[in-house]
Protein chains: 2
Amino acid sequence: MQARVLSAVISQSAAPLSIHELLEAAKTEVPGLGIATVYRNIARMIAAGEINAVVIPGQPPRYERAGKPHHHYFYCEHCGRVFDLPGCVNGLRQMVPEGFRAIRHDLTIYGACRNCESHPVAHL
Amino acid sequence: MQARVLSAVISQSAAPLSIHELLEAAKTEVPGLGIATVYRNIARMIAAGEINAVVIPGQPPRYERAGKPHHHYFYCEHCGRVFDLPGCVNGLRQMVPEGFRAIRHDLTIYGACRNCESHPVAHL
DNA sequence: ATTAGAATGATAAATTACTATCATGATCAG
DNA sequence: CTGATCATGATAGTAATTTATCATTCTAAT
């Protein structure tokens with residue numbers, strides 16, 4: 001059953017995965033896996049609240065297990081990987097104008113990850 | 001000349017505008033304005049460094065005048081408008097793992113703007 | 001084993017954002 | 001005015017992502 005494999009791949013990934021990253025990763029266990037099945041199961045898992053979509057501006061959505069503690073993301077502009085950043089920043093409250101109501105926020109830090117910083121390669 | 005009108009609309013807008021918001025706004029001055037002209041002029045203004053693209057995750061790009069002081073954005077989930085939030089947060093440095101190099105960051109706060117908070121309407 | 005219903009994979013179609021093309025119209029130097 | 005060039009608007013085409021369709025396969029209860 002592909003649903004179980006897809007769910008396991010997402011749960012075991014340290015970073016959120018895109019549809020294609022998920023397809024490739026799951027193919028090692030289910031070689032014939034089709035992209036339609038990935039989309040179908042992602043939709044079902046989102047509806048069930050098992051996973052959340054993570055959107056890095058200008059990139060296709062990635063998905064990660066729901067229920068993690070509050071965190072943000074680091075996007076490596078060299079290798080295109082996304083890393084979780086535990087914790088949050090201070091002073092968010094002060095940024096919200098009087099009369100506005102803040103519900104949630106997204107923070108993405110861009111740069112080079114440890115690997116790309118120590119082993120420089122061409123940009124993607 | 002449409003370039004002048006488009007440039008003026010962006011400069012005078014308090015918030016970044018999408019291609020369609022810009023088209024609609026500029027049509028009040030140039031009724032027959034075509035979307036191709038908007039795309040062409042946006043591309044030229046970006047190349048000239050006059051404007052910057054602003055991407056709210058999951059939304060088409062918006063554009064605003066370049067050279068503003070560092071700021072972030074508030075996205076109203078009721079009316080879909082984007083507002084500038086001057087300033088920044090503290091503690092960004094501490095979120096970046098050892099060995100990673102941060103170059104820039106995006107912060108978007110989601111919620112209800114003053115108008116939608118005081119005059120509740122249906123979601124878009 | 002049989003059968004009904006659900007899941008799957010391949011692929012067509014839809015959606016959205018953007019780019020290319022091209023005939024027409026504006027601009028301007030001479 | 002005249003011709004050259006450049007911008008414009010309409011629209012076709014492209015690219016990327018997502019959804020719909022459908023025949024086949026799998027699953028499970030009997």
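In what follows, every chain begins at residue 1, and chains take the letters A, B, ... in the order their sequences are listed.
Side-chain atoms of H105(A) and H72(B) form no donor-acceptor pair, as typed in the model, at a separation below 3.5 Å. With 3.5 Å as the limit, one finds a donor-acceptor pair spanning the side chains of D106(B) and Y110(A).
For Q2(A) and dG9(C), the shortest distance from a side-chain N or O to OP1 or OP2 is below 4.0 Å.
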- prompt: Stepwise, does the side chain to side chain contact (heavy atoms under 4.5 Å, CB included) test hold for Y39(B) with I19(B)?
  reply: CA-CA 7 Å; Y39(B) 276 109; I19(B) 293 288; 3.9 Å; yes

message: Between I56(A) and Y73(A), does the side chain to side chain contact (heavy atoms under 4.5 Å, CB included) criterion hold? Intermediate values first, please.
response: CA-CA 8 Å; I56(A) 306 294; Y73(A) 304 99; 4.1 Å; yes

- request: Kindly determine whether M95(B) and L107(A) satisfy side chain to side chain contact (heavy atoms under 4.5 Å, CB included), including the steps that lead there.
  value: CA-CA 11 Å; M95(B) 293 190 67; L107(A) 171 63; 3.8 Å; yes

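The CD1 atom of I56(A) sits 17 Å away from the C1' atom of dT17(D) (whole-angstrom rounding). Following rounding to the nearest Å, E21(B) (CD) and dA17(C) (P) show an atom-to-atom distance of 12 Å. Between the CD atom of E29(B) and the P atom of dT8(D) there is a distance of 15 Å, rounded to whole Å. Note: CZ (R4(A)) to P (dT8(C)) measures 11 Å, nearest angstrom. The distance between atom CZ of R62(B) and atom P of dC18(C), rounded to the nearest whole Å, is 12 Å. The CG atom of L23(A) sits 11 Å away from the C1' atom of dG9(C) (whole-angstrom rounding). Rounded to a whole Å, the CG atom of L33(B) is 18 Å from the P atom of dG25(C). I35(A) has its CD1 atom 9 Å from the P atom of dT17(D), to the nearest Å.
Checked against the 6.0 Å centroid criterion, the rings of F100(B) and F83(A) qualify as a close aromatic pair.
Of the candidates dA20(C), dG9(C), dT18(D), the closest approach to any side-chain atom of A36(B) belongs to dA20(C). Nearest to the side chain of M1(B), among dA10(D), dT8(D), dT11(C), sits dT8(D).
Annotation: proximity of residues 37-51 of chain A to DNA chain C (heavy atom, distance under 4.0 Å) is found for T37(A), R40(A), N41(A), numbered in ascending order.
The side chain to side chain contact (heavy atoms under 4.5 Å, CB included) check on E21(B) picks up L17(B), S18(B), R62(B), with sequence neighbours excluded.
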